[in-house]
Amino acid sequence: MKILAINAGSSSLKFQLFAMPAETVLCSGIAERIGLEMGIFTIKFNGKKEVLELPLTDHTVAVNLLLESLLKHEIIADFSEIKGIGHRVVHGGELFKDSTILDAEKVQKIADLSALAPLHNPAHILGIKGFDAVLPDVPAVAVFDTAFHQTMPAEAYMYATPYEWYADYAVRKYGFHGTSHLYVSHETAKFIGKEVADSKVIVCHLGNGGSLSAVLNGESVNTSMGFTPLAGIPMGTRSGDIDPAIIPYMMQKTGQTADEIVNDLNKKSGFAGVSGISSDARDITSAVANGDEKAKLALDIYTKRIAQTIAAYLVDLDGCDAIAFTAGIGENSAIIREAICNRLGALGVTINSEVNNATQGKAAVISEPTSAIQVVVMPTDEEVMIARDVMRLAF
Ligand code: ADP
């Protein structure tokens with residue numbers, strides 16, 4: 001059975017086609033620059049890659065091109081082979097505690113949540129409608145970045161702000177990257193030989209965006225992103241947590257609007273803002289190796305804040321079986337993993353540098369056998385989770 005996993009942005013549409021239940025990836029790719037004068041369509045299959053440059057007027061055009069490419073490259077013989085479509089949706093608010101089969105009412109609810117994710121949810125709707133126009137009879141499932149964190153207790157998701165902010169305006173911690181936190185926490189528990197239902201895992205999803213989660217017996221009980229993805233640890237271009245009083249202070253000092261300051265916190269902070277060099281962890285670690293002081297500061301702030309969040313989650317979980325590193329940095333940067341773990345001496349964490357240095361993009365235990373907590377590298381796979389949810393809910 002063939003299932004498509006889709007991640008639609010405002011001008012892009014990423015896709016992976018799976019053969020289920022084997023979870024084999026048949027092809028993957030991206031349509032970019034949708035709505036601009038010239039679009040780019042890239043598809044990878046069987047070790048081959050095709051890149052087309054052509055106008056992609058809207059998401060429906062991109063969907064049609066994708067389906068025609070599947071036929072052209074004989075990845076499918078007929079559209080009817082596609083039995084289900086899973087759509088990544090960033091914000092499910094408090095309405096969606098699990099993935100769900102889409103109908104017109106639920107699509108409207110996702111649209112209604114756009115106030116909480118103005119850049120993302122409208123783009124997902126474009127993707128959902130694009131497929132609905134071309135494959136109206138194929139079941140479509142929405143998989144939410146927020147859903148996994150809906151199990152957090154109120155003491156974790158409530159801010160200590162006036163209660164009406166929550167009651168009247170839905171101000172609370174939602175958390176993001178939930179599909180990754182779910183996949184990685186469960187896979188990590190299994191990898192170290194624990195039952196998921198009897199496990200305590202701290203997941204460090206460290207990509208260009210980054211968040212940590214505390215996962216108790218397979219359920220999220222805390223996470224570092226908040227009302228928006230700006231909260232928590234510093235990231236490639238995001239500040240993470242700051243004193244909110246800085247915002248009006250900087251508005252007054254610079255004459256910028258609140259939106260402009262928040263844009264600086266989202267796009268000009270983190271690695272990029274502190275180092276003045278780059279948002280990319282590889283550029284930061286190589287600048288550190290060349291003696292750059294600001295790059296070192298950017299990295300030190302980053303690893304300190306991650307280590308502190310891990311320590312905090314040890315309290316939430318009342319112990320911890322495993323700390324898992326995932327996403328671009330977590331899976332690939334031995335230097336950053338080591339710098340974080342070196343700050344966890346008080347927790348009895350020790351890693352094996354040799355194993356750590358030899359681990360890139362594959363699952364491995366990188367801690368010493370004597371370490372108080374096992375440290376694991378676990379590659380994430382949000383797309384396979386989307387395909388699994390389509391199977392679970394639609395069949
Ligand atoms: P996104 O949040 O965009 O999905 P990714 O999970 O792809 O991000 O992570 C991107 C980050 O991973 C970048 O900071 C990049 O430098 C880092 N990264 C990717 N590969 C490596 C590598 N081999 N070594 C160190 N860092 C890496």
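Both ligands and their constituent atoms are indexed starting at 1 by order of listing.
Atoms of ligand 1 found under 4.0 Å from any heavy atom of G328 (numbered from 1 in listed order, with element): 5 (P), 6 (O), 9 (O), 12 (O), 17 (C), 18 (N), 19 (C), 27 (C). Numbered from 1 in the order shown, with element, the atoms of ligand 1 that lie under 4.0 Å from a heavy atom of A327 read 6 (O). In the vicinity of Q360, heavy-atom distances shorter than 4.0 Å reach the ligand 1 atoms 23 (N). Counting the atoms of ligand 1 from 1 in the order shown, those under 4.0 Å from a heavy atom of G209 are 2 (O). Atom numbering of ligand 1 starts at 1 in the shown order; those under 4.0 Å from a heavy atom of D280 are 14 (O), 15 (C), 16 (O).
Between T57 and V61, the shortest heavy-atom contact is OG1-CG2, 3.3 Å.
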Which atom pairs, donor and acceptor, lie under 3.5 Å between side-chain atoms of residues 239-246 and protein residues at least two apart or in another chain?
| unit_1 | atom_1 | unit_2 | atom_2 | d |
| --- | --- | --- | --- | --- |
| D241 | OD1 | G232 | N | 2.7 |
| D243 | OD1 | A245 | N | 2.9 |

Please tabulate, one pair per line, all N/O donor-acceptor pairs under 3.5 Å involving side-chain atoms of residues 316-324, not counting sequence neighbours.
| unit_1 | atom_1 | unit_2 | atom_2 | d |
| --- | --- | --- | --- | --- |
| D316 | OD2 | N222 | ND2 | 2.6 |
| D321 | OD2 | K200 | N | 2.8 |

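Protein heavy atom closest to atom 11 (C) of ligand 1, with residue, atom name and distance, is I329 CG1, 3.8 Å. Counting protein heavy atoms only, atom 21 (C) of ligand 1 is closest to N332 CB, 3.4 Å. The shortest contact between atom 25 (C) of ligand 1 and any protein heavy atom is with R282 CG, 3.5 Å. When hydrogens are left out, the protein atom nearest atom 10 (C) of ligand 1 is N208 N, 3.6 Å; that is the closest non-hydrogen contact.
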Check against side-chain hydrogen bond (donor to acceptor under 3.5 Å, both in side chains), T146 and H91: CA-CA 6 Å; T146 49; H91 221 305; 4.5 Å; no

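Hydrophobic clustering of Ile, Leu, Val, Met, Phe, Trp and Tyr side chains at less than 4.5 Å, counting indirect connections, keeps F131 apart from M1.
Remark: among candidates A281, S180, G210, the nearest residue to atom 13 (C) of ligand 1 is A281, based on non-hydrogen atoms.
Between D132 and K129 there is no salt bridge, since no side-chain N of the basic residue sits under 4.0 Å from a carboxylate O of the acidic one.
Between the side chains of T254 and Q256, at least one donor-acceptor pair of N or O atoms lies under 3.5 Å. Looking at N121 and S114, their side chains never bring a donor and an acceptor atom within 3.5 Å of each other.
Annotation: cation-pi pair R172/Y157 present, NZ/CZ under 6.0 Å from the ring centroid and within 45° of its normal.
In this structure, atom 4 (O) of ligand 1 is not in close contact with the protein, since no protein heavy atom lies within 4.0 Å of it.
The distance criterion of under 3.5 Å between nitrogen or oxygen atoms is not met by G207 with respect to ligand 1. Residue L206 places no N or O, backbone or side chain, under 3.5 Å from any N or O of ligand 1.
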